[in-house]
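Contents: one structure, followed by commentary.
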Amino acid sequence: MMMTSRSLAVLLTVATLIADPDIAAAQPAAPPAAPGTTPASAADAAKRAEALVDKAKSLYLAGKYQEAEEALLVAWELNPTFDVAYNLGNTEYKLKKYKEAAQYLSFALKNWPLLKGVAKLRPRAEQWLAESRAQVGALKVSVTVAGAEVLVGGKRVGRAPLEGEVFVDPGEHRVEAMHLDYEPASQTVSVAKGGTAEVKLAITPVRREAQASAGVKTEGGGSATGAGGVGPVAGPPAGSVEPPPLPEKRNWVPVIALGAASAVGLGVGIGMTVASNNANSEARAQQGKIFAAGGGCLASPSFAGQCAELHRTGERAGRLGDIALGSYIASGVLATAALTYALWPTRSAEKATALFVVPEPRVDGVGFVMVSAW
């Protein structure tokens, strides 16, 4: 912390309106310059901050707390030291901005210099901090990854790990943690006046595969979404085995249809067999009558009519027998087709199997052919 004799004198005047030569002459050691700044630029910033503190002193004594606050805020941006925080906390307290007062007074007390004269001011700072703290809430925020940016209500409050509490107005607040290499995390908490709420945010590493497929730029190259880059099409991880397709669900309609047709063919065969047997019985009876009358059908013109009737009956019995045989064959073929379809292993959905039983006309009758499509 860099604090000159003039800024320390202003600190004591604004805070207590008391001039103490011994305290004004005592100075804490100045901290090293921030990274990226030269001693000359740091010294210049300190001088500008000192001038602003002088200006704030006059404004504070005149009761112009708003103008004093504006000058001290600029001084804080230039040189965020104990003395600026102390004066700024007092000014915010006068303006009844208790959240800001608690924040700056808390910083001042944490960085309080070990000087005998300044010690007299500490009780007043602790008192005003306690009074301010009673009017607001506090958040204790912890993040699993250091360096993550912490936001409260969408406003940045620092990077993890945060030093001390974050003072907020009573009510509900959304706390977020963001990091370039991690998925953001958030939590909404409610805190009462004078209360404290703990917020623990766990952020997980960003999946680089998801970033690449979304066209998000990552370390080492890549393109950002909206910048004309197209991410690779997501596919199965290298070395993975694609699971086999599920077997096709069996369709039992063909089995039912073929079974029904087989039953019909069997019924027709049985019916034709009975009819053929009846016709044969009738033919034998006709033949028996001719023989009993002492005639025959080879050279007996007197029995020509009866023999013609016998011949027609025999032909009818033969046709019925042929139909019965064909029906039995068809029934067997259809039953075989139904059984084959029912027991045949199912194929994957992408390779369908079809089984057909079609009639085949022949010179000597009708046949059936099984046709399969694989």
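The chain is numbered in sequence order, starting from 1. Nothing here was measured: the structure is a model prediction, and the numbers come from that model.
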Among residues at least two apart in sequence or on other chains, which ones pass salt bridge (charged side-chain N to carboxylate O under 4.0 Å, His left out) with E70?
none
Beyond-backbone contact of Q103 with E100, side-chain heavy atoms, under 4.5 angstrom:
no
Below 30° counts as parallel, above 60° as perpendicular, anything between as tilted: where do the rings of Y98 and Y93 land?
perpendicular
For M178, what are the other residues in its hydrophobic cluster, where any two members join if their side-chain heavy atoms are less than 4.5 angstrom apart?
L151
If the condition is salt bridge (charged side-chain N to carboxylate O under 4.0 Å, His left out), which residues does R312 pass it with, not counting sequence neighbours?
E309
Under 3.5 Å, is there a donor-acceptor pair linking the side chains of Q135 and E131?
no
Apart from V166 itself, what residues make up its hydrophobic cluster when side-chain heavy atoms of I, L, V, M, F, W and Y under 4.5 Å apart count as a link, directly or indirectly?
L139, V141, V143, V145, V150, V152, V157, L162, V168, V175, Y182, V189, V191, V199, L201, I203
Mind checking who shares a hydrophobic cluster with V74, ILVMFWY linked at side-chain heavy-atom distances under 4.5 Å?
L52, L78
Side chains of E69 and Q66 only: does a donor on one sit below 3.5 Å from an acceptor on the other?
yes
Looking only at side chains, do T313 and R284 share a donor and an acceptor under 3.5 Å apart?
no
Residues forming a salt bridge (charged side-chain N to carboxylate O under 4.0 Å, His left out) with D322, sequence neighbours excluded
none
Centroid separation under 6.0 Å, is that true for the rings of F107 and W76?
yes
